[in-house]
Amino acid sequence: MVMPHKSKANQLNDHEKEELAMNDAAIYDAMQAARIFLSNDAERHAYLNREMAIMDQQAQHEAAIEDGYKQGMEQGMQQGIQQGKQSAAEEHARRFLKMGLTPEQVAEGTGLSIEDVKKLSEKG
């Protein structure tokens, strides 16, 4: 079984930690802040509540992005399907016109409007 790696700082006793802190003002200040923080229940609870609120907000933000992505994909697929149907109807209309059907017959057979069929007829 592999044991988790412990850092050197975790292996120091309190006296060694104090000596280390005395040699570096930033470490000393951090240790003092940690002592105060750990000894103040109200401050610690307020901190934990802030952290949980931040995590909740991040989760909501990520969920909103995911929902937006899904909605965009669905809309894009629907638009693609509609465009494909329109293109197919226009292609059929061109063929029907070449076969000599009237614009009214083509419109009825394809579901396109008579105006759209006439535009396709004019384009050739």
Where the side chain of Asn49 meets the backbone of His45, is there a donor-acceptor pair that is under 3.5 Å apart?
yes
Do the side chain of Glu43 and the main chain of Asn40 share a donor and acceptor less than 3.5 angstrom apart?
no
Can we say Asp67 and Lys70 salt-bridge, meaning some charged N sits less than 4.0 Å from an Asp/Glu carboxylate O?
no
The reported gap from CD in Gln86 to OG1 in Thr110 (rounded to nearest 0.5 angstrom) is 9.0 Å
Gln57 CD: over 12 foreign heavy atoms closer than 6.0 Å
no
Please test Glu74 against Gln78 for side chain to side chain donor-acceptor pair (under 3.5 Å), starting from the C-alpha separation and ending with a verdict.
CA-CA 6 Å; Glu74 288 172 8; Gln78 288 301 318; over 6 Å; no
Testing the basics here: between Leu120 and Ala93, what is the closest heavy-atom pair and its distance to 0.1 Å?
CD1-CB, 3.8 Å
Test Ile65 against Glu62 for side chain to side chain contact (heavy atoms under 4.5 Å, CB included), laying out the working first.
CA-CA 5 Å; Ile65 289 172; Glu62 289 171 8; 5.6 Å; no
Is the side chain of Glu16 donor-acceptor paired with the backbone N or O of Asn13 at a distance under 3.5 Å, no angle test?
yes
Hey, are Glu91 and Arg95 close enough for a salt bridge, meaning a charged N less than 4.0 Å from a carboxylate O?
yes
Can you name the nearest heavy-atom pair linking Arg44 to Ser39, along with the distance?
NH1-N, 4.3 Å
Out of curiosity, Glu122 CD to Leu97 CG, how far, rounded to the nearest 0.5 Å?
11.0 Å
Examine distances only and state if a side-chain atom of Ser121 and a backbone atom of Val117 form a donor-acceptor pair shorter than 3.5 Å.
no
Between Ile114 and Ala107, the two heavy atoms sitting closest are CG1-CB, 3.8 Å
Do Ser113 and Asp116 come close enough that some side-chain heavy atom pair is under 4.5 Å?
yes
